[in-house]
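Bear in mind that the values here come from a model prediction, so they are computed numbers and not experimental data.
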Amino acid sequence: MKNRSLSFWLFLTPVILGLGIVVVIPFIYGFFYSFTDWNGITANNFLGFENYINLFQEDEFMNSIWFTIKFAVVTVLLLNVFGLGLALLVTRNMKTNNLMRTVFFMPNLIGGLILGFIWQFIFVSVFGDVAGITGIEGLNGWLSTTETGFWGLVILTAWQMAGYIMIIYIAYLENVPKELIEASKIDGANAMQRFKNVIFPLVAPAFTVSMFLTLSMSFKIYDQNLSLTNGGPFNSTQMVAMEIVRTAFSDNQMAYAQAKAVIFFLIVAVIALTQVYYNKKREVDV
């Protein structure tokens with residue numbers, strides 16, 4: 001038992017050291033610097049809560065938070081609906097199941113920057129050509145307004161991540177006992193009743209995992225936002241991660257940006273942990 005315990009800690013030590021050096025220690029330093037006038041090199045004065053007070057009075061930061069929250073709500077709903085729908089589709093008895101799984105998952109393998117430029121070409125050039133042929137004016141100037149920029153980001157993210165969420169749901173769907181499905185069919189349950197009363201309660205843990213992943217991913221999105229809209233027009237589609245990066249590296253306000261990052265971390269942590277707690281309780285109820 002002692003040998004097992006020693007080997008366990010020996011294997012775990014590199015992971016703990018890496019996590020501490022890369023995540024924990026920088027987070028502690030960053031939290032401290034958010035109370036100072038740190039310029040990226042030195043911190044000469046302790047400002048207390050001045051940075052935090054100022055950021056709540058900044059319209060651009062508050063607008064980016066509101067835009068990110070709206071984006072996260074819509075994206076989480078769509079990703080889980082599409083992910084579960086695709087999982088139900090590819091777990092049916094069809095010869096093309098493996099091919100469809102590969103096709104649906106492939107967008108997740110493409111980098112966010114590349115995806116952003118691909119969809120930018122589609123929304124601007126392809127939509128413009130289609131508008132010229134069909135006369136649909138609504139397709140012209142896509143990404144040039146806040147509304148179309150918002151939906152452009154939603155479409156890009158849903159297309160990229162739906163296949164990844166599909167894999168999580170597949171793992172749970174394939175573990176649903178076939179005997180329960182057959183028994184429900186014998187009892188006369190239709191497809192909707194089987195899904196509601198048999199399948200969904202058994203894949204509830206997958207919903208918890210997927211909600212956590214999609215929430216955290218939706219709030220932290222940056223590269224797709226950068227390459228698709230770059231925050232335009234007039235920073236109206238600028239999400240929180242991009243706003244923090246611009247504060248730090250464009251405005252050279254490192255401590256102020258760090259204070260924003262701390263608030264951003266708290267918002268994401270509270271929302272993500274709250275939904276995990278709620279969904280875990282719901283798993284027990286169902």
### Query
Considering only heavy atoms from C-beta outward, does the side chain of Ile181 approach that of Ile199 to under 4.5 Å?
yes

### Message
Given 3.5 Å as the limit, does a donor-acceptor pair link the side chain of Asn97 with the main chain of Arg92, or not?
### Response
yes

#### Entry: Same apolar cluster (I L V M F W Y, side chains within < 4.5 Å links), Val276/Met211
yes

### Task
Using modelled atom types only, decide if a donor and an acceptor are shared between the side chain of Asn108 and the backbone of Ala162 within a distance under 3.5 Å.
no

### Message
Working to the nearest 0.5 angstrom, can you tell me the gap between Phe61 CZ and Thr247 OG1?
### Response
8.0 Å

### Task
Look at the side chain of Thr148 and the backbone N and O of Leu143, then say whether any donor-acceptor pair between them is shorter than 3.5 Å.
yes

### Task
May I ask you to decide if the ring planes of Trp38 and Tyr33 are parallel, tilted or perpendicular, using 30° and 60° as cut-offs?
parallel

#### Entry: Any donor-acceptor N or O pair under 3.5 Å, side chains Thr229, Asn225
yes

### Message
Main chain of Gln193, side chain of Asn190: is a donor-acceptor contact present, judged purely on distance under 3.5 Å?
### Response
yes

### Query
Does some side-chain heavy atom of Val154 sit less than 4.5 Å from a side-chain heavy atom of Phe150?
yes

### Query
Hey, what do you get for OG1 (Thr68) to CG (Leu153), rounding to the nearest 0.5 Å?
10.0 Å

### Query
Could you walk me through whether Asn252 and Asn39 pass the side-chain contact (heavy atoms from CB on, under 4.5 Å) check?
CA-CA 7 Å; Asn252 199 29; Asn39 60 8; 5.6 Å; no

### Query
How long is the gap from CD1 on Ile221 to CG on Leu156, to the nearest 0.5 Å?
7.0 Å

### Task
Look up atom CG in Asn175 and atom CD1 in Ile170, then write down how far apart they are to the nearest 0.5 Å.
12.0 Å

### Task
Answer yes or no: is there a donor N or O on one side and an acceptor on the other, between the side chain of Arg194 and the main chain of Lys185, under 3.5 Å?
no

### Message
Can you confirm whether Lys220 sits close enough to Met239 that some side-chain heavy atom of one is under 4.5 Å from a side-chain heavy atom of the other?
### Response
no

### Task
Please round to the nearest 0.5 Å and tell me the distance separating atom CD1 of Ile118 and atom CD1 of Ile110.
5.0 Å

### Query
What are the two closest non-hydrogen atoms of Val76 and Ser218, and how far apart are they?
CG2-OG, 4.1 Å

### Message
Just so I know, are the side chains of Leu113 and Leu226 near enough to count as touching, which here means a heavy-atom distance under 4.5 Å?
### Response
yes

### Query
What about Val126 and Trp159, same hydrophobic cluster or not, with Ile/Leu/Val/Met/Phe/Trp/Tyr joined at side-chain heavy-atom distances under 4.5 Å?
yes

### Heavy-atom check, side chain of Ile167 versus side chain of Phe104, under 4.5 Å
no

#### Entry: Over 12 non-hydrogen atoms of neighbours within 6.0 angstrom of NZ in Lys196
no

### Task
Heavy atoms only: give me the nearest Pro177-Leu202 pair and the separation to one decimal.
CD-CD1, 3.9 Å

#### Entry: Closest non-hydrogen atom pair, Trp119 against Leu228
C-CD1, 3.9 Å

### Message
Ring centres under 6.0 Å, that's the criterion: do Phe207 and Tyr169 meet it?
### Response
no

#### Entry: Any Met254 side-chain heavy atom under 4.5 Å of Phe249 side chain
yes

### Under 3.5 Å donor-acceptor, Thr91 side chain and Leu88 backbone
yes

#### Entry: Where Pro205 and Pro201 come nearest, the two heavy atoms and their spacing
CD-O, 4.4 Å

### Task
Give the cluster check for Phe32 versus Leu55: same hydrophobic cluster or not, with ILVMFWY residues linked at side-chain heavy-atom distances below 4.5 Å.
no

### Query
Applying the side-chain contact (heavy atoms from CB on, under 4.5 Å) test to Ile136, which of Asn140, Ile133, Leu139 qualifies?
Leu139

### Query
Using 30° and 60° as the class limits, which term best fits the ring planes of Phe31 and Phe35: parallel, tilted or perpendicular?
perpendicular

### Query
Is there a path of hydrophobic side-chain contacts, each under 4.5 Å between heavy atoms of I, L, V, M, F, W or Y residues, that connects Trp151 with Met161?
no

### Query
Any Lys/Arg nitrogen of Arg101 or Glu174 sitting under 4.0 Å from an Asp/Glu carboxylate oxygen of the other?
yes

### Query
Got more than 12 heavy atoms from elsewhere within 6.0 Å of CZ, Phe212?
no

### Query
Nearest 0.5 Å, what's the OG-CE distance between Ser210 and Met166?
11.5 Å

Anything under 3.5 Å between a donor and an acceptor, one on a side chain of residues 41-50, the other on a protein residue two or more places apart or in another chain? List them.
{"unit_1": "Asn45", "atom_1": "ND2", "unit_2": "Asp37", "atom_2": "OD2", "d": "3.1"}

### Message
Side chains of Tyr164 and Leu213, heavy atoms from C-beta outward: is any pair under 4.5 Å?
### Response
yes

### Query
Is there a side-chain contact between Phe71 and Thr237, using heavy atoms and a 4.5 Å cut-off?
no

### Query
Nearest heavy-atom pair of Asn80 and Ile165: which atoms, and what distance?
OD1-CG2, 4.4 Å

### Task
Report, as yes or no, whether the 6.0 Å neighbourhood of atom CE on Met62 holds more than 12 heavy atoms from other residues, nucleotides or ligands.
yes

### Task
Grab the two heavy atoms, one from Ser64 and one from Val240, that are nearest each other, plus how far apart they are.
O-CG2, 3.5 Å

### Task
Name the orientation class of the two ring planes belonging to Phe264 and Phe219 (parallel below 30°, tilted from 30 to 60°, perpendicular beyond 60°).
tilted

### Query
Tell me, which pairs form a salt bridge (charged side-chain N to carboxylate O under 4.0 Å, His left out) where one or both residues lie in residues 243-267, sequence neighbours left out?
Glu58-Lys260, Glu243-Lys260

### Message
Quick one: does any side-chain atom of Gln120 pair with a main-chain N or O of Ser227 as donor and acceptor, under 3.5 Å?
### Response
yes

